[in-house]
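What follows is one structure encoded as structure tokens, with my remarks underneath.
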Amino acid sequence: MSEKSSNHHSWGAAAATGVGSMPGGDAREAAKTVTGSLEALPYLPELPARGPGADMIGRTAGMLVELYAHVEPSGWRISDRPGRDTRRARSWLGEDLDALEEYTQGHRGALKVSAVGPWTLAAALELRGGEAALSDPGACRDLTASLAEGLRTHLAEVRRRVPGAEVVLQLDEPSLTAVLAGSVRSASGYRTHPAVDRAVVEGALRDLMTAARAPVVVHSCAPSVPFRLLRRAGVAGVSFDFSLLTESEEEAIGEAVEGGTALFIGAVPGVDGPLSDPAGSVRGVRTLWRRLGLSPGTLAESVVITPSCGLAGASPAYARTALAHCVRAARSLADNPE
């Protein structure tokens with residue numbers, strides 16, 4: 001078994017982080033919680049409770065270059081010029097960056113920021129006629145190029161504000177599996193958009209990685225995450241909900257680990273509820289490692305522990321507890337990998 005020890009990622013061993021969203025609408029409170037709880041891998045929180053433009057699609061639409069979007073009753077639609085919705089999205093992002101900058105004074109090391117990936121964006125953004133951008137290969141290419149440019153600018157801004165940061169980019173791709181399977185519904189709901197060719201999907205992800213000049217982690221809390229495709233595209237990590245993992249995906253996970261891909265394992269519930277002891281939360285991860293015949297020593301450096309998905313639906317008290325629980329669970333993997 002070729003155990004690659006090149007997977008010394010910028011966040012170090014036994015790290016924990018969040019997925020992205022936090023409850024409430026107070027940027028400073030969210031930044032304080034995230035930076036206070038997560039020393040190894042803090043992140044820029046998203047606060048969708050503030051309304052359209054703070055949701056993940058609107059927030060990323062606000063980052064696009066020479067492409068704009070506004071809210072229609074059916075969702076976000078591409079428009080000719082920036083309007084109120086674009087301004088609101090950009091203003092909230094600015095507020096979030098101000099808060100993050102304030103609470104990361106002197107921070108050195110990994111810092112995660114996230115945006116919606118090109119395929120989930122193409123499935124969610126409507127063209128002027130109301131059909132998803134996904135229906136038009138040219139629109140998908142334009143969207144990917146605009147997103148690449150927007151992310152380059154966004155990451156440069158994060159690096160300027162937090163000079164000690166080693167930025168990690170998370171691309172949220174919950175629709176990726178549906179795009180590959182051809183199961184994204186059309187606007188009428190009566191048909192589905194044809195599956196996008198895997199090479200095209202992979203190419204767009206690769207273009208974004210080139211633009212980001214940062215390790216990229218792709219996140220999806222949908223079932224059947226395409227681990228092999230993501231690995232081929234060259235991602236640094238894959239972030240997923242551990243409870244949705246099926247036996248058929250285990251082999252691909254073993255290959256990913258051996259190839260040096262980090263696993264961001266969503267092992268702690270994202271909504272309020274009783275939590276077991278931290279070691280109990282990651283018992284399934286240890287079991288998986290044993291089943292795959294992976295060396296226990298690689299566990300702490302291959303795995304980052306996260307909540308199962310964003311924490312927007314949790315209470316503020318639970319969100320804080322869940323992040324602290326992730327940190328302790330990650331620590332228990334390092335201390336007792338067997």
Side-chain angles (χ1 to χ4, degrees), residues 9-12 14-50 54-56 59-60 63 92-116 154-155 157-172 214-215 217 219 221 237 239 241 262 264-272 275 278 281 303-331:
H9 303 285
S10 59
W11 49 82
T17 192
V19 171
S21 64
M22 290 287 282
D26 184 337
R28 292 184 70 242
E29 189 53 43
K32 184 179 170 189
T33 298
V34 161
T35 54
S37 307
L38 308 164
E39 281 164 34
L41 189 46
Y43 63 97
L44 177 65
E46 298 169 21
L47 301 172
R50 294 181 293 196
D55 62 300
M56 66 182 218
R59 181 182 182 86
T60 300
M63 294 179 194
W92 274 326
L93 182 59
E95 209 175 283
D96 294 340
L97 286 167
D98 288 344
L100 185 74
E101 185 178 355
E102 179 183 342
Y103 286 102
T104 48
Q105 296 289 318
H107 173 76
R108 306 202 65 77
L111 174 67
K112 183 166 73 72
V113 296
S114 48
V116 175
H154 177 51
L155 297 189
E157 171 75 359
V158 172
R159 290 179 180 118
R160 186 182 66 72
R161 287 168 174 263
V162 191
E166 292 175 47
V167 177
V168 176
L169 173 63
Q170 175 181 309
L171 293 176
D172 291 314
V217 174
H219 166 73
C221 37
S239 166
D241 179 344
F264 283 58
I265 295 183
V268 174
V271 288
D272 293 42
L275 290 170
S281 297
V303 168
V304 175
I305 299 298
T306 74
S308 56
C309 214
L311 293 166
S315 65
Y318 178 82
R320 271 194 303 276
T321 302
L323 290 178
H325 191 87
C326 287
V327 171
R328 285 199 294 273
R331 174 57 42 213

Salt bridge present between [X] and [Y] (N-O < 4.0 angstrom):
{"X": "Glu157", "Y": "Arg160", "answer": "yes"}
{"X": "Arg59", "Y": "Asp172", "answer": "no"}
{"X": "Arg161", "Y": "Asp98", "answer": "yes"}

Any donor-acceptor N or O pair under 3.5 Å, side chains Thr35, His107: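 On atom types as modelled, these side chains do not qualify, holding no pair under 3.5 Å.
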
With rounding to the nearest 0.5 Å, note down the distance linking [atom1] in [X] to [atom2] in [Y].
{"X": "Asp241", "Y": "Ile265", "atom1": "CG", "atom2": "CD1", "result": "11.0 Å"}
{"X": "Leu100", "Y": "Gln105", "atom1": "CG", "atom2": "CD", "result": "10.0 Å"}
{"X": "Cys326", "Y": "Leu275", "atom1": "SG", "atom2": "CG", "result": "8.5 Å"}

Test side-chain contact (heavy atoms from CB on, under 4.5 Å) applied to His154 and Leu93, step by step: CA-CA 10 Å; His154 177 51; Leu93 182 59; 3.9 Å; yes

Any donor-acceptor N/O pair, [X] side chain to [Y] backbone, under 3.5 Å:
{"X": "Ser308", "Y": "Gly270", "result": "yes"}
{"X": "Lys112", "Y": "Gly20", "result": "no"}
{"X": "Asp272", "Y": "Tyr318", "result": "no"}

Looking at every non-hydrogen atom in both residues, tell me the closest pair between [X] and [Y] and how far apart they are.
{"X": "Met22", "Y": "Leu311", "answer": "SD-CD1, 4.0 Å"}
{"X": "Ala314", "Y": "Ala319", "answer": "CB-N, 4.4 Å"}
{"X": "Pro307", "Y": "Gly18", "answer": "CD-CA, 3.9 Å"}
{"X": "Arg50", "Y": "Ala27", "answer": "NH1-CB, 4.3 Å"}
{"X": "Gly310", "Y": "Ser21", "answer": "CA-OG, 3.2 Å"}
{"X": "Ala322", "Y": "Pro269", "answer": "CB-O, 4.5 Å"}

Test side-chain contact (heavy atoms from CB on, under 4.5 Å) applied to Ser10 and Val168, step by step: CA-CA 9 Å; Ser10 59; Val168 176; 4.0 Å; yes

Report, one line per pair, each donor and acceptor closer than 3.5 Å where one atom sits in a side chain of residues 37-47; sequence neighbours left out.
{"from": "Ser37", "atom 1": "OG", "to": "Thr33", "atom 2": "O", "distance (Å)": "2.7"}
{"from": "Glu46", "atom 1": "OE2", "to": "Ser114", "atom 2": "OG", "distance (Å)": "2.8"}

Within-4.5 Å side-chain heavy-atom neighbours: Ser281 and His325: yes

Step-by-step side-chain contact (heavy atoms from CB on, under 4.5 Å) determination, Val268 to Thr306: CA-CA 7 Å; Val268 174; Thr306 74; over 6 Å; no

Derivation and outcome, side-chain contact (heavy atoms from CB on, under 4.5 Å), residues Glu166 and Trp11: CA-CA 9 Å; Glu166 292 175 47; Trp11 49 82; over 6 Å; no

